[in-house]
2 protein chains.
Amino acid sequence: MVHQPYETLIHKSEAVDADAMVLGLPDVCGDQALEASACCKRPRGRPRAYDPDLVLKKALHVFWQKGFAATSLDDLVEATGVNRPSLYAGFGDKEALYLKSMQHYRQRISEQLDTVLCCNGQGDSLTTIVGRYFDIMIGTYTGQSEHPLGCAFMCTALNEAPQHESILEMLQNTIEEFDVRFERFFIDAQTYGCLSAQHDPKVLAQMIGGITANLGVRARAGASADELRLIAGNMTRMLFG
Amino acid sequence: MVHQPYETLIHKSEAVDADAMVLGLPDVCGDQALEASACCKRPRGRPRAYDPDLVLKKALHVFWQKGFAATSLDDLVEATGVNRPSLYAGFGDKEALYLKSMQHYRQRISEQLDTVLCCNGQGDSLTTIVGRYFDIMIGTYTGQSEHPLGCAFMCTALNEAPQHESILEMLQNTIEEFDVRFERFFIDAQTYGCLSAQHDPKVLAQMIGGITANLGVRARAGASADELRLIAGNMTRMLFG
DNA sequence: AAATTTTTGTGCGAATTGGTACAAAAATTT
DNA sequence: AAATTTTTGTACCAATTCGCACAAAAATTT
């Protein structure tokens, strides 16, 4: 079996990558992937000349800047330093590579949020925690380039959603994950007495989503991190202050 | 002077179209455009076989669905029924046509909002007016196709902004116009006693922007008009109720 | 009716696109 | 060392891309 990224062939139109992330599956589909993750012993054939995670990071940056459709394989080859057939063998076609890059992005943010978004009633106040959350998002929205790139999901995935079933599903999963995460957070906050029972956690979560969306949009339109922090602060104060 | 859409050649990287809309200039650049708008007498050459506004509307629909980059001129020719050189002569290149289509979209919404977004203290309550605003937006976000297309600006213009100066500027203008409009609305509401002086109109306007963004995103991800109305209602109640 | 002006429509062409065939290379296994 | 397995790199292909040249068509003006 050579040059057959079977993973993408099978799961193409399912919410693979979301599940893959949850299950911790590798996001490379070459033949070396399985054995490499199963055991530390080096696999059989010629070793891969690139670091898959680094490639995904670099690919993400191109997609983030130019969008999915306007990013050519030549762009990706140039940015990653990996030539075309290797990209193909390792990650599947352009769409699969995009999905994996976006999962990379999603997971990176997800891990950051894990360290911050936790309310057990003993740590900082709700507004402090939410403020920290916004700082993280503002950081990713403005810190990728000299020109702020905004939210990768809203700025690139939304555009493709109607034409690419798999991207639409990833988008839906991401929104759902976001909602659930914040709903749980606010429920916890209520049980630990950090938030009055008057508030509806679901609605608050959607509110956070709206503010986040606002920040992501304004960043892409050129707003600086300082401007965004000001906006986020105003919003947070209005909601909880 | 034949087949020279001079308008686009000159103003390419300025915020033409935004100004053009404000000034009421025509969004066709063929040679018949000027005289046709100046006087009702028919211009000199062969008459145009298409209705410019209808073409923009049809072009918008394609851009809205597929995004700017993934929309080919063949798509546009097929959707509008106007062949390639005529599109070119009438509207300029693909980017110019996209900009004009988006201005069409923006103006259409703007006119709808004019009829609703007015607070003189004698009509309906603030929540009623805001509710009507959201109904309009939800209508445009879900009413263009069997599958909801979301917000055309967020879903397509955001994607292109870093690569196309003119699209970025249009985006900035649109955001600015939105903010100003709602800030004024809330200031009026305060002067007429419909809104307590505690609220900051600027922050409230950004809040509305956030909620709107949220709706636009969720629509593109497949949310129905009913779901969106529920969300908008919850948000509105949290802010003003 | 001839001249002029503008739009239309066919058809093309240079460039770019995504994807792949195939042999060489680099590792492990026997 | 020979065989096997996997990745790499060159080169290429068919399809599509955007934009335009040029003549025919349809109107007004002289």
Side-chain angles (χ1 to χ4, degrees), chain A residues 1-6 8-9 12 28-36 39-52 55 59 62-63 66-78 80-98 160 163-164, chain B residues 1-6 8-9 12 28-36 39-52 55 59 62-63 66-78 80-98 164:
Chain A
M1 191 175 72
V2 183
H3 287 178
Q4 268 299 0
Y6 61 92
T8 60
L9 292 178
K12 197 69 164 259
V28 232
C29 35
D31 295 352
Q32 299 201 336
L34 298 169
E35 305 158 60
C39 170
C40 45
K41 193 180 177 190
R42 181 178 254 158
R44 209 155 177 329
R46 177 172 175 171
R48 205 174 271 123
Y50 57 85
D51 171 15
V55 167
V62 187
F63 284 130
K66 309 183 82 169
F68 171 74
T71 298
S72 70
L73 282 186
D74 284 340
D75 291 332
L76 293 167
V77 167
E78 189 190 351
T80 61
V82 178
N83 58 30
R84 211 177 282 227
S86 293
L87 275 184
Y88 221 84
F91 304 93
D93 64 7
K94 196 173 94 163
E95 186 173 328
L97 177 55
Y98 173 75
E160 313 298 335
Q163 303 293 313
H164 301 268
Chain B
M1 190 175 73
V2 183
H3 286 179
Q4 268 298 1
Y6 60 93
T8 60
L9 291 178
K12 196 70 166 255
V28 232
C29 35
D31 295 352
Q32 298 203 335
L34 298 169
E35 305 157 60
C39 169
C40 47
K41 194 180 177 191
R42 181 179 251 157
R44 211 159 178 320
R46 176 172 176 171
R48 206 174 269 122
Y50 56 84
D51 171 14
V55 167
V62 188
F63 283 130
K66 309 183 83 169
F68 170 75
T71 297
S72 70
L73 282 186
D74 283 339
D75 291 332
L76 293 167
V77 167
E78 189 189 352
T80 61
V82 178
N83 58 30
R84 208 176 286 225
S86 293
L87 275 184
Y88 221 85
F91 304 92
D93 64 6
K94 196 173 93 163
E95 187 173 326
L97 178 54
Y98 173 75
H164 301 268

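Here is the naming used below: chain letters follow the sequence lines, and residue numbers restart at 1 for every chain.
- Atom OH of A:Tyr50 is separated from atom P of D:dT6 by 14 Å (rounded to the nearest Å).
- Checking D:dG19, C:dT7, D:dT8 against the side-chain heavy atoms of B:Arg48 singles out C:dT7 as nearest.
- The side chain of A:Tyr88 places no N or O atom within less than 4.0 Å of a non-bridging phosphate oxygen (OP1 or OP2) of C:dG18.
- Between B:His164 and B:Phe68, the gap from one ring centroid to the other is short of 6.0 Å.
- With sequence neighbours excluded, the residues satisfying side chain to side chain contact (heavy atoms under 4.5 Å, CB included) with B:Leu73 are B:Leu76, B:Arg84, B:Lys94.
- Nearest heavy-atom pair, A:Ala59 versus A:Thr80, reported as atom, atom and distance to 0.1 Å: N-CG2, 4.1 Å.
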When every nucleotide of nucleotides 25-30 of chain D is labelled 5' to 3' by its protein contacts under 4.0 Å (heavy atoms), B for base, S for sugar-phosphate only, - for none, what sequence of letters results? BBBBS-
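- In this view, A:Glu78 satisfies the side chain to side chain contact (heavy atoms under 4.5 Å, CB included) rule with no residue, not counting sequence neighbours.
- The heavy-atom pair separating A:Val55 from A:Tyr50 by the smallest distance is CG2-CD1, 3.6 Å.
- The heavy-atom pair separating B:Asp75 from B:Ala70 by the smallest distance is OD2-O, 3.8 Å.
- Residue B:Asn83 places no side-chain N or O under 4.0 Å from the OP1 or OP2 atom of C:dT8.
- Rounded to whole Å, atom P of C:dT8 lies 12 Å from atom CG of B:Asp51.
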What's touching nucleotides 12-16 of chain C from the protein side, N or O pairs under 3.5 Å?
none

B:Val82/B:Val77 under side-chain contact (heavy atoms from CB on, under 4.5 Å): CA gap, chis, key distance, verdict: CA-CA 5 Å; B:Val82 178; B:Val77 167; over 6 Å; no
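- The NZ atom of B:Lys66 sits 12 Å away from the P atom of D:dT16 (whole-angstrom rounding).
- Going from atom CZ of A:Phe63 over to atom CG of A:Leu97 covers 4.5 Å, rounded to the nearest 0.5 Å.
- By the side chain to side chain donor-acceptor pair (under 3.5 Å) test, B:Ser86 is found to be paired with B:Asn83, residues two or more places apart in sequence or in another chain being considered.
- Rounded to an integer number of Å, the gap from NZ of A:Lys94 to C1' of D:dA15 is 15 Å.
- Between B:Phe91 and B:Ala96, the closest heavy-atom pair is O-CB, 3.2 Å.
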For Watson-Crick and G-U wobble pairs within 3.5 Å on both distances, what is DNA chain D written in dot-bracket notation, | included for inter-strand pairing? ||||||||||||||||||||||||||||||
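- Rounding to whole angstrom units, CD of residue B:Glu95 and C1' of D:dT17 are separated by 16 Å.
- Distance from the side chain of B:Leu73 is smallest to D:dC18 among C:dG19, D:dT8, D:dC18.
- Contact between the side-chain N/O atoms of B:Ser86 and the OP1/OP2 oxygens of C:dT8 is found at a separation under 4.0 Å.
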